[in-house]
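Each chain gets a letter, A, B and so on, in the order its sequence line appears, and its residues count up from 1. Because the structure is a prediction, the values reported are computed rather than measured.
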Amino acid sequence: MAANFWLSSHCNQWLLDREEIQLERQRDYQYLKEEDYKKIHIFFINFIQALGEHLKLRQQVIATATLYYKRFYSRNSLKSIDSLLMAPTCTYLAHKTEECGVISNTRFTAGCNAVVKNKFSFAFPGEQFPYRMTQVLECEFFLLEMMDCCLIVYHPYRPLTQYVADLGMEDAILPIAWRILNDSLRTDVSLIYPPYQIALAAIYMACVIQQKDSKQWFADLSVDMDKVLEITQEILQLYELWKSYDERTEICSILSRAPKPKVRPTSATPGQTPSPVPPES
Amino acid sequence: MQKYEKLEKIGEGTYGTVFKAKHKETHEIVALKRVRLDEDDEGIPSSALREICILKELKHKNIVRLHDVMHSERRLTLVFEYCDQDLKKYFDSCQGEVDAAVVKLLRGLAFCHSRNVLHRDLKPQNLLINKDGELKLADFGLARAFGIPVRCYSAEVVTLWYRPPDVLMGAKLYSTSIDMWSAGCIFAEMANGGRPLFPGNDIDDQLRRILSPPSEETWPNAVKLPDYKDFSNIQGGAVSFAVVVPKLSAAGRDLLQKLLVLNPAHRISAEDAMRHPFFADLSPSFRA
Ligand SMILES: Nc1ncnc2c1ncn2[C@@H]1O[C@H](COP(=O)(O)OP(=O)(O)OP(=O)(O)O)[C@@H](O)[C@H]1O
Ligand SMILES: [Mg+2]
């Protein structure tokens, strides 16, 4: 598997520079503080997670959807396509590429509606999911095209279980490290670092939390510890952000400041709008 | 769509029509596979998605190159490198050269397998030959990456005639061995000038053609397969390869025998098959 990763489009086309990502975001930073920009993506990744769980998708599929989402907005402004359309579209595409059984269109849109109403009404008070399946399918193609058809992605979960087995501290480390990986989906690490390094960062953090000594084990691995620590830093920043932030009360006003596509359907007229604006090419 | 001028229809597949076409500016000749998108359907069909994402990862001279994917209203178009014919049509026009064609097939397969991809639908119609005589694996609509263990693969894989006995008897978890059996069938078909080796009419007929009398020692796990068929009363004795492929050399028959092993666990791998003495006469560059 590892050998495959090094030859994959994920490794060769989709490990991005932090600077490159920041540069793309300048357009959106005209409207939003960097912190708020982050909060918007965290919010929609929470949306993907909730929708995935509602549709009973495996965590692997949810992680794939999240990475598609991150890839899209690493190259496009929030203005290009409404995140509320992109987030479910990523989930839809991921469920097909990961081949986990077909979800009917009706079940899928019902899922989107349920999640908007039951889980995120604090962000969309009184609204329903404003898009139709035709728009999701149209958006699916923009997504595919923007990713240059690179749909096979690698995640840190597998390397994590392998490393932890080698480390021999399954019970103490695995559940915590796994949760850290889930959280890390809300950062940029999956856009920047290879999955095995992210897995190691999660183990490193879990060892600190559990007060397990893994110094020698890390030393024997001869990995680039600087990278592992960079990843750790980025995940810690997320935890720092969470400490002083209440999504339920704050996201509405942040969303209202976000740059938006020219058209956005309202709940009064679901689907009665022109196509979403394609990404600027 | 306007980028290409359609020249002629060259094939009809289960999920689309294939055209020969010319790029209007560069005059490059390509093959366009057009996939209809139904209004209230699943969007991009999963077979097309599989083909797109797998070909994106597999760049090799023995695997058909996907140049581009285009989208217009209700239609998805995959742009492939053009090949003059598929192996089915090629059989009629050529004789000999079986070893060179087979080694290219094996080389393409070895590459797929090294990247953890199973083709799962090998048959002459899905093997293309370009104008330089290079053979290319095509039609990855059923292929899948097997890196991530999946509990259950889709049941319908591999056209009946090229389906291995374990899959015919309901094996759910299979590996690269599935492609190796198909490669064996295609090899024999080439050696016989295009006559299919096991042209069964249905699953039972297919099994009857394939199976030699049972052997507890060589394939002890067969009885555990979900659709296990007791074939102890099958007459005919072990397939004699001298009769089945009379034109093939002894070395060729030996290789065929290793590809057509009933027990999937003992079927030869693509990597090993490429090193078989049958290919000894080919220049080493063939086997690289
Ligand atoms: N790149 C190409 N160059 C030349 N001919 C091609 C090319 N791709 C496909 N063809 C022709 O079109 C036929 C159908 O293509 P393909 O097998 O990819 O479609 P399909 O829809 O998956 O078909 P099926 O599922 O029935 O096998 C092939 O058997 C071949 O004859
Ligand atoms: Mg075909």
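A:Asp171 CG: 12 or fewer foreign heavy atoms inside a 6.0 Å radius. Applying the 6.0 Å contact sphere to NZ of A:Lys227 captures no more than 12 heavy atoms from other residues, nucleotides or ligands. Sparse packing is recorded around CD of B:Glu25, with 12 or fewer heavy atoms of other residues, nucleotides or ligands lying under 6.0 Å away.
In this structure, the side-chain contact (heavy atoms from CB on, under 4.5 Å) partners of A:Asp166, at least two apart in sequence or on a different chain, are A:Trp217. Not a single side-chain contact (heavy atoms from CB on, under 4.5 Å) links A:Asn12 to another residue, sequence neighbours left out.
When each of B:Ser114, B:Ser46, B:Cys53 is scored by its heavy-atom pairs under 4.5 Å with chain A, the top score falls to B:Cys53.
Between the side chain of B:Lys56 and the backbone N or O of A:Ser8 there is no donor-acceptor pair closer than 3.5 Å. Distance alone, capped at 3.5 Å, is enough to place a donor-acceptor pair between the A:Glu140 side chain and the B:Ile44 backbone.
Residue B:Val69 comes nearest to A:Cys149 through the heavy atom pair CG2-SG, 3.5 Å, listed as atom of the first residue, atom of the second, then distance. Of all heavy-atom pairs spanning A:Phe141 and B:Met70, the tightest one is CZ-C, 3.8 Å.
For A:Leu144, the part lying near chain B is the side chain, with the backbone staying farther off; criterion is any non-hydrogen pair under 4.5 Å.
You'll find the side chain of B:Leu37 stays beyond 4.5 Å of the side chain of A:Leu137, heavy atoms only.
Between the side chains of A:Ser9 and B:Glu57, a donor-acceptor pair is found at a separation under 3.5 Å.
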